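Presented below is the structure to which this report refers.
Any value given below was found using the heavy atoms of this structure, including those in side chains, with hydrogens, waters and symmetry copies removed. Here is how names work: the chains are called A, B, and so on, in the same order as the sequence lines, proteins then strands, and each is numbered from 1. Since this is a predicted model, take the numbers as computed values, not measurements.
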Amino acid sequence: MTNRDIAAVFDQVADLLEFQNANPFRVRAYRNGARKLKDLADPLSRLVADDADLTAIDGIGKDLAEKIATLVQTGSLPMLTELEQQVPASVLPMMRVPGLGPKKAAALYNDLKITSLDMLRAACEEGRVRELKGFGKKTEETILAGIALAERATDRIYWSAADEIVQELLAHLRPVKAIKQLEAAGSYRRGKETVGDIDLLADATDVDAVMDRLGEFPAVAEVIARGDTKMSVRLDSQLQVDLRVVPSESFGAALQYFTGSKEHNVEVRGRAKQQGLRVNEWGVFRTTDDGEQGERVAGATEDEVYAALGLPTFPPELREARGEFDLAEEGELPRLVEVGDLRGDLHMHTTATDGKATLREMIDAARDRGHEYIAITDHSKRVSMAGGLDADRLRAQWAEIDALRPDYDDIVVLKGIECDILESGEMDLPDEVLAEADWVIASLHYGQKQPREKIMQRLLFAVEHPSVSIIAHPTGRLINRRESYDLDVDQLIAAARQHGKLLELNANPARLDLDDSHCALAKRAGVPIVVSSDAHHTGGLDVLPYGVKQARRAGLTAADVANTLPWKQLKPLLATPASQLPG
DNA sequence: GCCGTTTTCGGCCCGACTGTTTTCAGTCG
């Protein structure tokens with residue numbers, strides 16, 4: 001079992017325990033444990049085989065350590081089997097209905113024997129739900145409307161799509177004169193690859209003016225809730241937007257609170273408590289001797305709030321309780337990479353294969369964007385649907401690049417190729433051709449269903465190939481659409497380190513591959529990351545900021561990202577094992 | 001279930017909003 005498999009078991013246990021109304025802190029322990037395992041660098045299977053002390057892992061105690069060992073050794077967990085006998089897993093979707101938590105879902109299961117969304121709908125339509133204690137007519141209506149939402153299980157949207165909506169919302173709200181400050185918070189601000197809902201925060205005294213204006217946003221389908229400071233609406237697209245309106249003296253505290261993550265805030269507030277302080281969305285307050293909220297010590301800005309707790313202002317991308325507090329204590333909070341640090345783009349296509357712009361158009365567009373260098377990397381012949389290049393056509397394209405070079409003294413155009421790693425494990429072009437290239441991307445488009453052993457054989461062959469520079473979109477996942485192929489990312493990173501190869505962070509918003517936790521592992525191993533656009537038209541060059549967001553979430557600095565270097569300094573990195581790099 | 005320069009037991013972040021209650025539980029973030 002992989003670390004993620006084991007984490008999934010713990011998450012399932014947490015879901016079932018929650019349904020059974022178990023101690024919420026016990027539920028949290030399982031969820032927290034699952035989270036920590038997903039970010040763990042070392043495979044648990046190896047740690048167990050080595051008889052390592054698993055309780056050294058933060059969030060893993062004696063009990064979870066034993067369960068991990070059981071899972072590694074037997075592939076199953078008796079406790080989960082037992083829980084599933086007590087509660088059918090089919091009841092869990094009920095908790096996805098907005099307004100239904102563990103208590104109400106359990107009442108529906110225990111009193112009405114409801115075990116599916118279909119049965120729940122029938123019970124609502126027959127008016128049986130309103131008869132239950134704690135339920136009423138209104139609740140029944142809310143559930144009925146919510147079932148459709150739960151069934152649709154609307155995907156979290158790409159960060160890039162959320163950004164479009166956020167910009168529209170901000171533009172819509174800004175004309176309100178009462179608004180002094182306005183920010184989008186939540187997972188959007190943390191730069192998460194997908195966003196589940198949009199959180200907006202306004203500094204204003206005229207609350208009604210702001211809320212009325214949000215209600216007038218054209219895409220609003222429904223107002224879910226509206227109180228003195230908080231309003232929630234649902235858009236036509238099903239996306240929920242939460243608005244919070246606070247006074248200036250609380251804006252920083254509210255922004256900190258509303259940005260999250262939840263786990264980060266739990267840590268922040270726990271630390272505050274130890275210092276005799278209380279943090280809420282209204283500010284940082286001293287706690288009086290009788291435990292009441294006392295004098296306010298901070299709140300207007302985030303800097304002020306964190307400073308009051310003796311903490312630096314964490315970049316939003318790092319606020320995930322994934323080790324940022326330890327880094328801060330050691331004074332090693334990184335200065336994260338920025339879009340402006342990138343000097344070149346090393347993955348793009350042209351009309352020679354499946355791109356929509358010509359060679360010259362791509363070069364012009366890249367130059368307009370200030371790139372110092374680019375690599376032209378069309379597909380190799382195996383990608384027949386894209387009209388992939390054979391050796392002759394590739395050499396013809398390189399001759400074309402040579403012919404164009406005199407026209408461009410301010411941008412370096414590299415002769416590259418995105419060469420497929422064939423199902424057989426061979427490269428799709430002859431070695432002598434690859435040896436002539438400035439930049440060789442290896443990637444895997446076919447045979448993605450092969451077993452792990454075969455996939456790894458292919459990837460490792462490419463990593464060891466003397467002409468290969470980098471592995472592109474190394475896991476092959478497409479967010480919300482396709483799982484990654486079956487690979488061992490740790491092994492790939494180790495091989496890249498050994499052979500001096502780079503790994504791509506593909507900035508396409510549907511890929512973002514490697515993801516943040518994998519990039520963090522690569523950083524720890526000293527393997528440089530290259531953030532690339534994989535552009536198939538000139539506008540496609542503009543996705544780099546999405547990749548940089550993901551890189552920042554991984555804690556990468558400019559030094560960890562190879563294409564922040566001038567080409568002359570990047571080139572020597574190739575085929576230099578990371579262990580031999582300076583620094 | 002985890003954790004500990006106050007603790008091996010007793011804590012574990014904190015507040016807004018709704019609906020169903022006649023003072024609060026459940027849900028949500």
Within the structure shown, what part of the strands sits under 4.0 Å from [X] by heavy-atom distance: base, sugar-phosphate, or nothing?
X	value
A/Asn280	sugar-phosphate
A/Val268	nothing
A/Pro24	nothing
A/Lys137	sugar-phosphate

For the side chain of [X], starting at C-beta, report the closest nucleotide among [options].
X	options	answer
A/Asp228	B/dC17, B/dG1, B/dG19	B/dC17
A/Leu64	B/dG1, B/dC14, B/dG29	B/dG1
A/Lys138	B/dC12, B/dT20, B/dC17	B/dT20
A/Pro102	B/dG29, B/dC2, B/dT27	B/dT27

Phosphate OP1/OP2 of [N] contacted by [X] side-chain N/O (<4.0 Å):
X	N	answer
A/Thr229	B/dC17	yes
A/Arg26	B/dG1	yes
A/Trp282	B/dC14	no
A/Arg28	B/dC13	yes
A/Arg244	B/dG15	no
A/Thr139	B/dT20	yes

Using the P atom on both, measure B/dT8 against B/dG4 and round to a whole Å.
-> 13 Å
A/Lys104 NZ/CZ over A/Phe135 ring centroid, <6.0 Å and within 45° of normal = yes
By nearest-heavy-atom nucleotide on DNA chain B, the more 5' of A/Met231 and A/Ala29 is A/Ala29
Between A/Gly227 and A/Lys273, the residue closer to the 5' end of DNA chain B by nearest nucleotide is A/Lys273
Using only heavy-atom distances, decide whether a donor-acceptor pair under 3.5 angstrom links the side-chain of A/Asn23 to the base of B/dG1.
-> yes
Sub-4.0 Å heavy-atom contacts from residues 246-264 of chain A onto DNA chain B, ordered by number | A/Tyr257, A/Lys262
Nearest whole angstrom, please: distance from the P of B/dC13 to the CZ of A/Phe325.
-> 12 Å
Taking A/Ile157 as the fixed residue, which of A/Leu239, A/Ile479, A/Thr194, A/Asn480 is the one that meets the side chain to side chain contact (heavy atoms under 4.5 Å, CB included) rule?
-> A/Leu239
